[in-house]
Protein chains: 2
Amino acid sequence: MHDVAALAGVSHQTVSRVINRSANLRPETRDRVLAAIEELGYRRNMAARTLVTGRTHSIGVLTPGDPNFGKSSSVQAVERATREAGYFPLVTSAASESDSIAKALEFLRDRSIEALVVVAPHDTVLKQLETLDSDVPVITLQTGGYDEGHAVTINQADGVRAAIDYLRSMGHRRIQHVSGPPDYFEAQLRRAAFDEAVTAHGLAQFPTLAGDWRADSGYVCGTQIDADATAVFCSNDQMALGVIHALSDAGRTVPGDVSVVGFDDIPESAHSLPPLTTIHQDFEGVGQRAVELILAQINGEVAPEGGPFTPWLVVRESVRRL
Amino acid sequence: MHDVAALAGVSHQTVSRVINRSANLRPETRDRVLAAIEELGYRRNMAARTLVTGRTHSIGVLTPGDPNFGKSSSVQAVERATREAGYFPLVTSAASESDSIAKALEFLRDRSIEALVVVAPHDTVLKQLETLDSDVPVITLQTGGYDEGHAVTINQADGVRAAIDYLRSMGHRRIQHVSGPPDYFEAQLRRAAFDEAVTAHGLAQFPTLAGDWRADSGYVCGTQIDADATAVFCSNDQMALGVIHALSDAGRTVPGDVSVVGFDDIPESAHSLPPLTTIHQDFEGVGQRAVELILAQINGEVAPEGGPFTPWLVVRESVRRL
DNA sequence: ATTTATCGGGCGCGCTCCGAA
DNA sequence: ATTCGGAGCGCGCCCGATAAA
């Protein structure tokens with residue numbers, strides 16, 4: 001900066017002015033400084049700037065657990081929206097274990113982030129979040145209960161109801177559930193909503209089979225589907241794929257013998273055999289909304305209303321009318 | 001820091017020593033300082049530290065394009081390995097367009113990264129990389145030609161050969177190719193290797209159908225598969241899924257009427273109907289190797305040898321013996 | 001003399017390093 | 001063997017200076 005000032009024949013302060021606010025600057029002077037900057041290939045030092053302003057303009061994004069379609073989509077939307085707002089996303093992934101999450105949180109705090117967006121699929125994350133004493137605004141991407149102003153959520157129960165109502169409208173009364181891992185909010189909520197629907201509509205009861213979200217676990221669950229069940233409601237698409245595979249290996253066709261409904265609408269689901277009927281969620285919308293809420297908090301504005309997102313049914317070919 | 005020093009009754013310099021090298025410190029003093037730090041909840045300021053040391057301890061990771069299984073796996077491995085080495089990964093995604101990549105590169109440079117890992121699936125990224133004049137070590141994750149010391153690659157031709165040899169061993173002589181988008185190195189290399197194999201073994205010639213990696217485009221290509229082809233070699237698994245779907249819609253079964261081989265071995269492929277025979281790539285290994293090379297460059301060591309990774313065939317049920 | 005536009009000097013952000021005690 | 005004081009990293013902010021209106 002000193003060199004630039006010398007070359008342009010001005011003071012370092014004028015160089016600073018050129019870089020930041022351009023008010024009260026003679027165009028001629030500005031051009032001279034700009035030329036000097038160009039010639040010297042000068043770039044301002046972020047660390048020094050941060051040190052004096054106390055601002056980093058960066059927003060931390062914490063994503064625990066293995067990558068998956070929903071998370072990736074949301075995080076990508078968060079990144080984009082953050083950048084568009086003139087902030088820098090500091091995306092940090094972590095394992096699902098609490099110490100890994102704690103480390104990531106510490107890393108983020110050390111970088112003086114001005115806000116934090118956390119993908120919070122299970123309780124471990126939320127617990128660690130409470131540990132963090134920092135006064136930056138925090139928004140969680142949950143799929144659990146709606147916490148006005150601090151979380152962006154998708155109404156899982158709505159999705160489950162859409163699935164079960166559809167299955168019922170197709171004549172199904174004997175539906176078995178393949179759930180996700182019990183510590184995941186999504187799995188809990190979908191299962192609870194499923195149980196509720198079973199009770200409310202007097203549907204047949206089957207033991208719920210718990211997978212781990214992955215197709216492999218879906219296959220295992222698929223081998224245990226009750227012979228009396230006419231339909232299977234899976235907590236995500238990958239497991240649905242595994243279930244269909246297992247059913248097929250056992251000589252039962254989908255949807256001929258058994259109908260299957262998934263959840264998430266991953267891109268592959270449109271092209272499985274049969275194409276999977278599933279519940280679609282607006283992952284990008286969730287990410288974008290999260291950033292809107294964060295920015296509102298940063299600027300001290302009132303958070304825009306919105307309520308949870310509503311997922312919807314995508315009918316394809318994995319359900320047969322009885 | 002000043003407050004901590006005051007509380008502990010020492011100078012700020014002693015506090016600094018406690019935080020950094022612990023040599024030449026009376027244990028009693030250290031404990032006193034540590035207690036003060038704890039009591040005041042003191043955390044050192046990264047910006048100030050960076051400003052004076054000139055080191056950020058962070059490694060930039062640039063990932064252009066939409067998220068996909070391979071990229072996500074590699075990047076995750078890069079993150080993990082970076083962290084284990086005591087560095088901080090600054091993961092930055094970007095669109096595939098050159099201006100978006102340029103912006104991301106600028107962002108990274110502004111953060112004074114000490115090294116850069118770039119996922120480089122197409123020429124646009126490489127071009128932008130040349131623009132970047134910075135003297136930090138750069139490693140690209142390519143799938144293109146092997147550039148000793150600056151790129152980590154997977155030998156695509158080996159993978160293609162494994163697929164075609166397998167198909168040939170099963171009696172196939174009429175194989176059609178569904179390629180990825182022409183600007184992607186992977187697509188180019190796989191197609192070139194395919195063409196070479198066709199020529200070398202005197203296989204039947206079919207027009208190559210170009211998709212865009214997505215299952216939807218695979219479906220479209222699938223509707224155009226030549227009636228004489230007994231097998232389809234797809235440049236990735238998603239497109240293979242789409243092809244199978246289209247074939248099925250047209251009343252042709254896989255592998256009964258047509259055999260299909262994919263590439264990548266995404267987790268869903270094991271549970272498609274039929275389970276997809278495909279080529280497996282060690283994405284995590286690539287990410288890890290990239291970090292090893294980067295660290296070697298940072299430390300001025302000689303880069304560990306290794307050569308390109310070799311993908312392998314995973315036989316499942318989408319190929320029939322003729 | 002009073003405003004307005006344009007510029008510069010010095011201070012300090014929080015920390016590490018270099019001598020010196 | 002320990003500890004301390006001071007300098008300075010690169011920058012933006014506060015205030016004052018200067019010239020022009």
Side-chain angles (χ1 to χ4, degrees), chain A residues 1-58 86 88 106-107 109-114 134-136, chain B residues 1-58 86 88 106-107 109-114 134:
Chain A
M1 186 162 175
H2 177 79
D3 297 342
V4 171
L7 182 59
V10 296
S11 77
H12 73 109
Q13 171 54 20
T14 301
V15 176
S16 177
R17 270 211 200 77
V18 171
I19 298 173
N20 300 317
R21 80 182 86 94
S22 32
N24 294 78
L25 261 180
R26 201 187 310 162
E28 178 199 312
T29 311
R30 200 224 319 280
D31 291 346
R32 229 175 41 240
V33 172
L34 252 22
I37 289 177
E38 178 72 22
E39 185 173 336
L40 265 41
Y42 167 76
R43 322 215 84 227
R44 70 171 170 221
N45 182 307
M46 278 289 293
R49 183 186 167 76
T50 295
L51 180 59
V52 61
T53 59
R55 301 206 53 183
T56 57
H57 265 91
S58 57
F88 302 122
E106 203 155 318
F107 164 66
R109 186 162 58 157
D110 275 349
R111 314 299 277 208
S112 305
I113 52 171
E114 299 186 12
S134 162
D135 47 3
V136 301
Chain B
M1 188 163 173
H2 176 80
D3 297 342
V4 172
L7 181 60
V10 297
S11 78
H12 67 114
Q13 168 55 17
T14 302
V15 177
S16 178
R17 260 215 209 73
V18 171
I19 298 173
N20 300 316
R21 75 183 86 92
S22 33
N24 294 77
L25 262 179
R26 199 187 309 162
E28 178 199 313
T29 311
R30 201 224 319 280
D31 291 346
R32 228 173 42 241
V33 172
L34 252 21
I37 288 177
E38 178 73 23
E39 184 172 337
L40 265 37
Y42 167 78
R43 321 213 84 225
R44 73 169 166 223
N45 181 307
M46 277 289 292
R49 183 185 167 77
T50 296
L51 180 59
V52 58
T53 59
R55 300 208 53 184
T56 58
H57 264 89
S58 58
F88 301 122
E106 203 155 317
F107 164 66
R109 186 163 57 157
D110 275 349
R111 315 298 278 208
S112 305
I113 52 171
E114 298 186 14
S134 162

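Just so you know, these numbers use all the heavy atoms, side chains as well, and skip hydrogens, waters and symmetry mates. So that the names make sense, note that chain A is the first sequence line, chain B the second, and so on, each numbered from 1.
When the C1' atom of D/dC4 is taken as reference, atom CZ of B/Arg32 falls 14 Å away, rounded to whole Å. One can place CD of B/Glu28 at 18 Å from P of D/dA1, the figure rounded to the nearest angstrom. Rounding to whole angstrom units, CE of residue B/Met46 and C1' of D/dC11 are separated by 18 Å. Protein atom CZ of B/Arg26 is 7 Å distant from nucleotide atom P of D/dT2, rounded to whole Å. With rounding to whole Å, B/Arg30 atom CZ is found 14 Å from D/dT3 atom C1'.
Here B/Thr50 lies out of heavy-atom contact (under 4.0 Å) with every strand. Within the 4.0 angstrom heavy-atom criterion, base atoms lie near B/Asn24.
Listed pair B/Thr14 / D/dC4 meets the phosphate criterion, a side-chain N or O lying under 4.0 Å from OP1 or OP2.
Boundaries of the chain A contact region on DNA chain C are C/dA5 to C/dG14, first to last in 5' to 3' order (nucleotide atom under 4.0 Å from a heavy atom).
Residues A/Met1 and A/Ser16 form a side-chain contact, since some pair of their non-hydrogen atoms from C-beta on lies under 4.5 Å apart. You'll find the side chain of B/Val18 stays beyond 4.5 Å of the side chain of B/Val15, heavy atoms only. Using a 4.5 Å heavy-atom cutoff, the side chains of A/Arg111 and B/Met46 are in contact. Taking 4.5 Å as the limit, some side-chain heavy atom of A/Leu25 sits within range of a side-chain heavy atom of A/Thr14. Between B/Tyr42 and B/Leu7 there is no side-chain heavy-atom pair separated by less than 4.5 Å.
Put simply, the side chain of B/Thr56 gets close to the backbone of B/Ser112: a donor and an acceptor are under 3.5 Å apart.
Under the side chain to side chain contact (heavy atoms under 4.5 Å, CB included) criterion, A/Glu28 pairs with A/Arg26, A/Arg32, not counting sequence neighbours.
Contact record, B/Glu114 with B/His57: OE2-N, 2.8 Å, taken as the closest heavy-atom pair.
Distance check: B/Ile37 CD1 to B/Arg30 CZ gives 11.0 Å after rounding to the nearest 0.5 Å.
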Item to check | nucleotides 12-21 of chain D: protein proximity per nucleotide (B base, S sugar-phosphate only, - neither; heavy atom, under 4.0 Å) | outcome: BBB-------
